J.: 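Below you will find the structure I want to go over with you.
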Amino acid sequence: MKILLVDDETLARDRLRRLLESKPEHEVVGDAANGIEAVKQCAALQPDLVLLDIRMPGMDGLETARHFSELESPPGVIFCTAYEEHAVQAFDLQAVGYLLKPVRRENLFDALHKSVKLNRAQITALQAEGDGGRSHLSARTHKGVELIPIEDVRYLQADQKYVTVRYRDGEVIIDESLRDLEVEFGDRFVRV
């Protein structure tokens, strides 16, 4: 994940950079000391995510986030601030996280993890834009997340609040309702 750091305090940017460098999947692509620099860097660097302070001289973080939202492909924003009173405004701007300074390592990585996790509404919107639906079902198992190609599914069976997917290589339990699956894949499966 490409990350842009925005904070008027050099020490705060350096601390975030050190925390992020401990995980190779996160790449700090740049930093900025104010909102105007941040908007320019965001347009040039195309980060996936911006860690953004709120109180900065000139353009504050809330206004900066408004400018990000006008970009064709806006980055996710996690606010990192010493002030908790801006949280409602931050989430009105579609922030994916709000961390209080000093940012703790576990809180930072928890927010980063949540920033890439899609919710059901986002998945539905992506499916509507796509070519007509998912090509795989996913199941959390002891191996991690397993992907089951739809064409390999033999049947879906509801039992209480669980759905068992029987497919070519075995079976797994998924966390989706049979009703939702029927709506999504009604043209591919027959309910009996």
Side-chain angles (χ1 to χ4, degrees), residues 1-131 134 138 140 144-145 147 175-176 180:
M1 176 184 319
K2 299 186 319 184
I3 300 172
L4 175 66
L5 306 176
V6 183
D7 197 309
D8 61 324
E9 298 175 22
T10 304
L11 292 175
R13 290 194 313 267
D14 290 346
R15 183 172 185 280
L16 287 172
R17 183 182 299 274
R18 281 192 308 277
L19 289 171
L20 292 166
E21 287 175 347
S22 69
K23 299 260 187 170
E25 64 268 22
H26 305 300
E27 175 191 3
V28 177
V29 294
D31 61 43
N34 61 58
I36 294 169
E37 283 180 37
V39 172
K40 290 177 184 174
Q41 291 225 20
C42 190
L45 299 171
Q46 298 290 307
D48 302 310
L49 186 73
V50 178
L51 298 181
L52 181 61
D53 187 19
I54 290 184
R55 290 209 177 156
M56 297 181 292
M59 184 189 301
D60 71 8
L62 296 170
E63 183 180 349
T64 303
R66 282 187 201 94
H67 287 287
F68 290 161
S69 68
E70 294 171 9
L71 296 172
E72 184 177 326
S73 181
V77 173
I78 296 176
F79 285 101
C80 300
T81 181
Y83 306 95
E84 59 187 36
E85 66 264 17
H86 300 290
V88 172
Q89 288 176 284
F91 287 109
D92 284 345
L93 292 168
Q94 307 302 314
V96 296
Y98 195 90
L99 301 173
L100 292 176
K101 291 179 182 177
V103 175
R104 294 176 45 205
R105 184 180 202 281
E106 57 273 7
N107 293 346
L108 174 62
F109 289 115
D110 185 47
L112 290 172
H113 174 73
K114 288 177 182 173
S115 75
V116 296
K117 193 173 184 180
L118 294 176
N119 62 41
R120 191 175 304 272
Q122 292 167 322
I123 291 169
T124 301
L126 287 171
Q127 291 167 349
E129 291 176 13
D131 60 355
R134 293 183 282 175
S138 62
R140 286 189 179 93
V145 176
L147 295 174
D175 190 27
E176 296 186 63
D180 289 344

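The basis for the numbers below is simple: all heavy atoms, side chains too, and nothing from hydrogens, waters or symmetry mates. Please read all numbers here as calculations on a predicted model, not as lab measurements.
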J.: Looking only at heavy atoms, what is the nearest atom pair of Asp8 and Arg55, with distance?
T.: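 Looking at all heavy atoms of both residues, the shortest contact is OD1-O, 3.5 Å.
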J.: Which pair of heavy atoms, one from Ala38 and one from Leu4, lies closest together, and at what distance?
T.: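 For Ala38 versus Leu4, the nearest heavy atoms are O-CD2, 3.9 Å.
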J.: Are side-chain heavy atoms of Lys23 and Leu112 found at a separation under 4.5 Å?
T.: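 No, their side chains stay 4.5 Å or more apart.
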J.: Do Asp7 and Arg15 meet the salt-bridge criterion of a basic N to acidic O distance under 4.0 Å?
T.: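 Salt bridge between Arg15 and Asp7, a charged N being under 4.0 Å from a carboxylate O: no.
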J.: Identify the heavy atoms of Leu19 and Phe109 that sit nearest to each other, and give their distance.
T.: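 Minimum heavy-atom separation between Leu19 and Phe109: O-CZ, 3.2 Å.
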J.: Could you tell me whether the side chain of Val6 reaches within less than 4.5 Å of the side chain of Asp53, counting heavy atoms only?
T.: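 No, too far: nothing below the 4.5 Å cut-off.
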J.: Using every non-hydrogen atom in the two residues, find where Leu71 and Cys42 come nearest and quote the distance to one decimal.
T.: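 Here Leu71 and Cys42 meet closest at CD1-SG, 3.7 Å.
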J.: Is any side-chain heavy atom of Phe79 closer than 4.5 Å to one of Leu99?
T.: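 No, their side chains stay 4.5 Å or more apart.
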J.: Are any non-hydrogen side-chain atoms of Leu16 and Ile3 less than 4.5 angstrom apart?
T.: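 No, their side chains stay 4.5 Å or more apart.
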J.: Counting distance only, does the side-chain N/O of Gln46 pair as donor-acceptor with the main-chain N or O of Ala43 below 3.5 Å?
T.: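 Answer holds: yes.
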J.: Considering only heavy atoms from C-beta outward, does the side chain of Leu108 approach that of Leu20 to under 4.5 Å?
T.: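 Yes. Closest side-chain heavy atoms under 4.5 Å.
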J.: So, do Asp48 and Pro75 sit near enough that their side-chain heavy atoms are less than 4.5 Å apart?
T.: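 Result no, sub-4.5 Å side-chain heavy-atom pair not found.
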J.: Donor-acceptor pair, distance only, cut-off 3.5 Å: does the side chain of Glu37 make one with the backbone of Ala33?
T.: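 Present.
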J.: Going through the checks in order, is the side-chain contact (heavy atoms from CB on, under 4.5 Å) test met by Arg17 and Arg13?
T.: CA-CA 6 Å; Arg17 183 182 299 274; Arg13 290 194 313 267; over 6 Å; no
J.: Of all the heavy-atom pairs spanning Asn34 and Met56, show the shortest one and how long it is.
T.: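 Heavy-atom minimum between the residues: CA-SD, 4.0 Å.
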J.: Where is the tightest heavy-atom contact between Leu52 and Gly61, given as atom of each residue plus distance?
T.: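 Where Leu52 meets Gly61 most closely, the heavy atoms are CD2-O, 3.3 Å.
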J.: Does any part of the side chain of Leu100, heavy atoms only, come nearer than 4.5 Å to the side chain of Tyr98, both counted from C-beta?
T.: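 They are in contact (side-chain heavy atoms under 4.5 Å apart), so the answer is yes.
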J.: Does this structure show an ion pair linking Lys114 with Asp110, if we count only N-O contacts that are shorter than 4.0 Å?
T.: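 Judged by the 4.0 Å cut-off on N to carboxylate O distance, Lys114 and Asp110 do form a salt bridge.
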